[in-house]
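Remarks on the structure that follows.
The analysis underlying the following values was restricted to heavy atoms, covering all of them including side chains, and did not include hydrogens, waters or symmetry mates. Numbers here simply count residues along the sequence, with the first being 1.
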Amino acid sequence: MKRLGGTDALFLSMETPSWHQHVGGLTILDPEGRQVTFSRLLANVERRIPLAPKFRWKLKEVPLRLDRPVWVDDPDFDVRKHVRRIGVPSPGGPRETAEVAGQLLSYQLDRRRPLWELWYLEGLANGRVGMVMKYHHCLLDGMSGASLATSAEPGTTITCE
């Protein structure tokens, strides 16, 4: 159990149904002959989750809200509830991709689960694939996100092949 810091609790308390406090981004990948598949993405995330234990944490409110919420391990954590796939309508160009990404970023994260999602977008033009990462600002800030992006299992190389 780890209590939210003041700033993180503020991000949480400021959120409304029409003003979300999550961060998101779209990445377009051009595999250039490499196998970038949903099953490989899912397996890679599942293997790497232990490197970022906070991605298994969910919020728990303090009774009567007398203090800031706490992070607790989610005993029902399942990476498949967070890593999902969706098709982009044909022809899979920038407009269609942006519409799908916009829809994914337009709703609040479910506070009954760890506050992140990773979407695999298939059907993009020219054999490309996309990924939309979405996480609540109270889970990660810019500095912790940057350090997470550079973490790797000792002695491994990250590849999509």
Side-chain angles (χ1 to χ4, degrees), residues 1-29 36-88 96-124 129-154 156 158 160:
M1 185 167 63
K2 179 179 174 9
R3 187 158 320 278
L4 261 72
T7 303
D8 292 336
L10 180 64
F11 285 126
L12 203 60
S13 70
M14 290 180 1
E15 188 168 49
T16 69
S18 61
W19 190 31
H20 306 155
Q21 294 295 312
H22 58 253
V23 178
L26 168 66
T27 302
I28 305 292
L29 302 171
V36 181
T37 64
F38 175 74
S39 60
R40 286 181 179 223
L41 172 65
L42 181 62
N44 195 27
V45 171
E46 198 163 29
R47 188 178 68 251
R48 297 174 61 79
I49 281 288
L51 296 172
K54 67 183 349 182
F55 279 76
R56 295 179 57 99
W57 298 348
K58 67 179 185 176
L59 289 171
K60 182 170 181 162
E61 291 288 341
V62 173
L64 304 175
R65 297 187 178 196
L66 294 174
D67 203 347
R68 295 185 309 266
V70 295
W71 291 112
V72 297
D73 269 328
D74 181 358
D76 300 318
F77 180 79
D78 181 351
V79 73
R80 288 165 207 81
K81 292 178 182 175
H82 299 274
V83 180
R84 303 179 193 155
R85 70 196 300 179
I86 191 169
V88 172
E96 296 82 13
T97 303
E99 284 180 18
V100 170
Q103 289 172 359
L104 296 174
L105 295 170
S106 70
Y107 62 86
Q108 285 179 284
L109 290 159
D110 184 349
R111 289 195 182 184
R112 297 170 297 175
R113 295 188 176 137
L115 297 176
W116 66 276
E117 296 176 354
L118 177 60
W119 287 86
Y120 177 88
L121 280 59
E122 52 196 1
L124 277 67
V129 296
M131 287 190 290
V132 172
M133 179 67 184
K134 176 177 170 178
Y135 57 89
H136 201 284
H137 206 301
C138 70
L139 179 67
L140 282 179
D141 62 19
M143 292 301 290
S144 58
S147 67
L148 176 64
T150 60
S151 71
E153 296 164 322
T156 62
I158 300 171
C160 295

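Between E117 and K81, no side-chain nitrogen of the basic residue sits less than 4.0 Å from a carboxylate oxygen of the acidic one, so the salt-bridge criterion is not met. The pair R3-D67 meets the salt-bridge criterion, with a side-chain N (NZ, NE, NH1 or NH2) lying under 4.0 Å from an Asp/Glu carboxylate O.
The CZ atom of R56 lies 14.0 Å from the CZ atom of R113; values are rounded to the nearest 0.5 Å. The structure places CG of D74 at 11.5 Å from CZ of R112, a figure rounded to the nearest 0.5 Å. For the atom pair CH2 of W71 and CG of D8, the computed distance is 7.5 Å after rounding to the nearest 0.5 Å.
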Q: Could you go through the side-chain hydrogen bond (donor to acceptor under 3.5 Å, both in side chains) check for H137 and E15 one step at a time?
A: CA-CA 10 Å; H137 206 301; E15 188 168 49; over 6 Å; no

Only pairs under 3.5 Å count here: list side-chain donor-acceptor contacts from residues 97-104, not counting sequence neighbours, and write none if there are none.
from : atom 1 : to  : atom 2 : distance (Å)
T97  : OG1    : G93 : O      : 2.8

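In this structure, S13 has no side chain to side chain donor-acceptor pair (under 3.5 Å) partners at least two apart in sequence or on a different chain.
The backbone N or O of L4 lies less than 3.5 Å from a partner atom in the side chain of R68, making a donor-acceptor pair. A donor-acceptor pair under 3.5 Å is absent between the side-chain atoms of Y120 and the main chain of G87, judged by distance alone. The main-chain N or O of L12 is never found under 3.5 Å from a side-chain atom of H136 such that the two would form a donor-acceptor pair. At least one donor-acceptor pair closer than 3.5 Å links the side chain of K54 to the backbone N or O of L139.
Ring orientation note: the planes of F77 and H82 are close to parallel, at an angle under 30° on the 30°/60° scale.
Nearest heavy atom pair, residue L121 against residue W119, reads CD1-O, 3.6 Å.
For the pair V23 and L140, the minimum side-chain heavy-atom distance is 4.5 Å or more. Counting heavy atoms from C-beta outward, Q21 and C138 have side chains that stay 4.5 Å or more apart. Using a 4.5 Å heavy-atom threshold, the side chains of V129 and L41 count as separate.
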